[in-house]
Every structure is written in structure tokens, then in C-alpha cells.
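Presented below is the structure to which this report refers.
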Amino acid sequence: MQTPLVPFLPPSASTLSDRVDALYLYLIGVTSFFTLLIVAALIFFMLKYRRRSPYEIPRPIAGSHRLETVWSVIPFIIAMSFFVWGAGLYFKQSSPPKNAIEVYVVGKQWMWKIQHTTGQREINELHVPVGRKIKLIMTSEDTIHDFFVPAFRVKADVLPGKYVTQWFEATKSGTYHLFCAEYCGMNHSGMIGSVVAMEPGEFNDWLSGNSSKVSPVAAGQQLFQSLGCVSCHGTAGEGGRGPTLAGVFGSQVFLADGKAVKADEAYIRESIVNPQAKLVAGFGPIMPTFQGQVSEEQLLQILAFIKSLQIANRETPVQSPTVAPSGRATASPAAQPR
Ligand code: CUA
């Protein structure tokens with residue numbers, strides 16, 4: 001790792017890290033300039049207008065609209081520049097690109113559990129290829145943690161009962177610190193690890209050396225069977241007593257109360273742990289909650305399975321011959337005999 005330009009600054013190793021640093025430098029520049037300006041003016045006026053005789057009476061001062069306008073408008077413009085620049089970067093950072101590789105992250109006291117879509121699991125380590133966009137889908141099993149990789153300028157609170165997404169693209173291979181940046185109990189300071197950014201070739205070697213694991217999609221399909229989801233949603237998510245799941249991810253779902261929601265990760269999760277919260281139009285409140293029956297890691301696996309149904313359904317029904325050809329709202333009762 002080369003030494004950074006500014007001391008104490010972590011290495012800059014992602015596509016966004018230089019942009020975050022530029023914003024930081026701008027903030028430091030502007031605040032330093034005004035600190036110096038104010039202190040200099042303070043000292044200058046202190047000397048220039050010091051009391052020279054004990055009986056001195058100062059000249060009365062009248063207001064100046066022009067001066068007041070100037071010292072309101074200039075700070076306003078400067079403050080808005082912080083806001084516009086910062087918000088732009090924030091949105092860029094928190095909206096993952098479409099073609100990103102997804103990685104599931106579960107924080108718990110006191111470790112980071114990582115699952116790759118290819119089946120590899122890691123604890124306190126995250127291996128990623130350089131030059132590829134990585135989307136993190138993160139949640140917590142217990143309390144609030146914070147996933148912090150200084151070299152990538154990635155930092156986000158990881159909350160229980162919710163999915164938080166972040167993305168990054170490593171630009172240099174190397175091993176970088178991973179911290180928990182939210183006090184989460186006794187061993188918070190030990191909740192550390194590393195992110196290993198590898199050249200794509202090396203990464204493929206790492207992947208193949210760690211294969212043999214079950215992919216989240218396959219694990220999710222297992223759970224889908226064993227938890228009995230299939231009895232209402234069908235073996236391939238074709239629907240039945242419950243809504244169709246094939247193709248649901250990313251689509252608009254119409255609810256019983258007339259509203260529509262986008263079926264994103266958060267919606268799918270809520271529908272599993274709190275099915276009554278958003279009832280799909282045309283279905284009764286018959287689904288039991290799975291709160292407490294499935295771990296966060298298992299929820300992510302079910303999520304991966306439901307997402308996979310989309311791809312299988314859109315193109316060719318490769319997954320199993322029982323995939324219903326139409327994945328639309330009302331499921332055909334004439335599907336298949338069980
Ligand atoms: Cu987890 Cu601090």
C-alpha cells in the first residue's frame with residue numbers, strides 16, 4: 001500500500017473513494033479559510049478598536065442592508081454547495097448499479113458473516129474481485145452494527161429487521177481493514193476483519209478453491225420446501241393459494257388496500273416475517289408469520305431463491321419442468337397435480 005498524500009488518511013482503493021476525499025478536502029478548505037479569516041479579523045479589530053482612554057464613547061452605528069445581504073447570501077451559497085455535492089455523492093453511494101455482484105452480509109455480536117451468491121461463506125473476511133461492482137445486502141441478527149471499510153469509503157449502519165444496501169468497486173488489489181463502527185457491546189472493538197480485493201484471475205481461483213458449498217439459491221429452495229412455502233406458492237413459485245412469486249422481484253405489486261409497492265428486498269423480507277403488513281390484492285390474511293423461525297442468513301437464502309425465480313421464469317423454464325409458463329397475478333388452478 002502506498003502512503004497517502006495526507007497523513008492518517010486511509011488508502012484510496014475504490015472508484016468512489018477519491019470523490020469522497022475531494023469533498024472532504026473541500027470541506028476542510030472552506031472551514032479552514034473561514035476559521036483563519038474570523039480569527040484574523042478578531043485580532044485586527046481587537047487592536048484597531050481597542051479602548052484608548054477610560055472616557056471614550058464610541059460612534060453610534062446604523063445598520064447596512066447591503067452588508068447584511070452579502071453576509072447572508074454568500075454563506076447560503078457555500079452551505080448549498082456542501083449539500084448538493086454531499087447529497088449527490090450519497091445517492092451515488094447508496095444506489096447500487098444493476099450489474100453488481102451481490103454479497104449478503106449479516107452482522108452479529110461480534111462477527112461479520114458473509115455469503116456469496118456462488119455458495120462461499122466467510123466470517124470476518126470478504127473476498128472480492130478488483131474492477132467489479134459489488135453490492136452488499138446487509139442486515140443484523142441482534143443489535144445495530146456498522147459496516148465500515150475505510151479504504152473504500154464505505155460506511156453504513158447495519159440494522160436488525162431491515163436490509164441496507166451499499167456498493168463499491170475496488171480499484172487496487174490488497175487487503176483492507178473492515179471495522180464495526182457502531183458500539184455494539186463488549187467485544188465491539190474485536191468485530192474487525194478484512195476485505196481482500198483480488199485480481200479477477202486470482203479471485204476465480206479463490207472461488208473454485210472454496211466451492212463445494214451450496215449456493216444461497218439452492219439453500220433457499222430447500223427452505224422453501226421444508227418450511228412449507230410450496231404448499232401455497234407452488235414448488236416453482238407459480239402461486240396458488242398464495243400469490244405468484246415467479247417474476248415478483250422487482251415488479252409492482254398491487255395490494256388489497258389499493259396501493260402498489262415495488263417488490264424489493266425489504267418488501268420480500270417483510271412479507272415473510274410480517275405477512276399481514278402488506279396483503280396482496282385478491283388474497284386473504286392466511287399466511288403465518290415466520291418471525292423467529294428463520295435466521296437472517298436463511299431469510300437471505302429464501303430471498304436469493306425468490307429472486308432466482310424471476311430469471312428462470314422470464315427466459316426459459318430451466319430450473320424444473322414444473323415451472324408454470326405464465327407467472328402473472330392469478331395462478332391457474334389447473335397447474336399440475338401434486
Ligand atoms: Cu458490531 Cu460494533
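Numbering starts at 1 and runs along the sequence shown. Each ligand, and each atom within it, is numbered from 1 in the order the structure gives.
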Just say parallel, tilted or perpendicular for the rings of [X] and [Y], cut-offs at 30° and 60°.
{"X": "His233", "Y": "Phe224", "answer": "tilted"}
{"X": "Tyr183", "Y": "His188", "answer": "perpendicular"}
{"X": "His116", "Y": "Phe203", "answer": "tilted"}

message: The test is ring pair (Phe, Tyr, Trp, His ring centres under 6.0 Å); show your working for Phe179 and Phe147 and say whether it passes.
response: CA-CA 6 Å; Phe179 294 113; Phe147 192 90; over 10 Å; no
task: Output yes when Asp21 and Arg153 qualify as a salt bridge under the 4.0 Å nitrogen-oxygen rule, no when they do not.
output: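 Answer for the salt bridge query: yes.
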message: Does this structure show an ion pair linking Lys108 with Glu296, if we count only N-O contacts that are shorter than 4.0 Å?
response: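 No.
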For atom 2 (Cu) of ligand 1, every protein N/O/S atom that sits closer than 2.8 Å, waters excluded: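 N, O, S partners closer than 2.8 Å: Cys180 SG, Glu182 O, Cys184 SG, His188 ND1.
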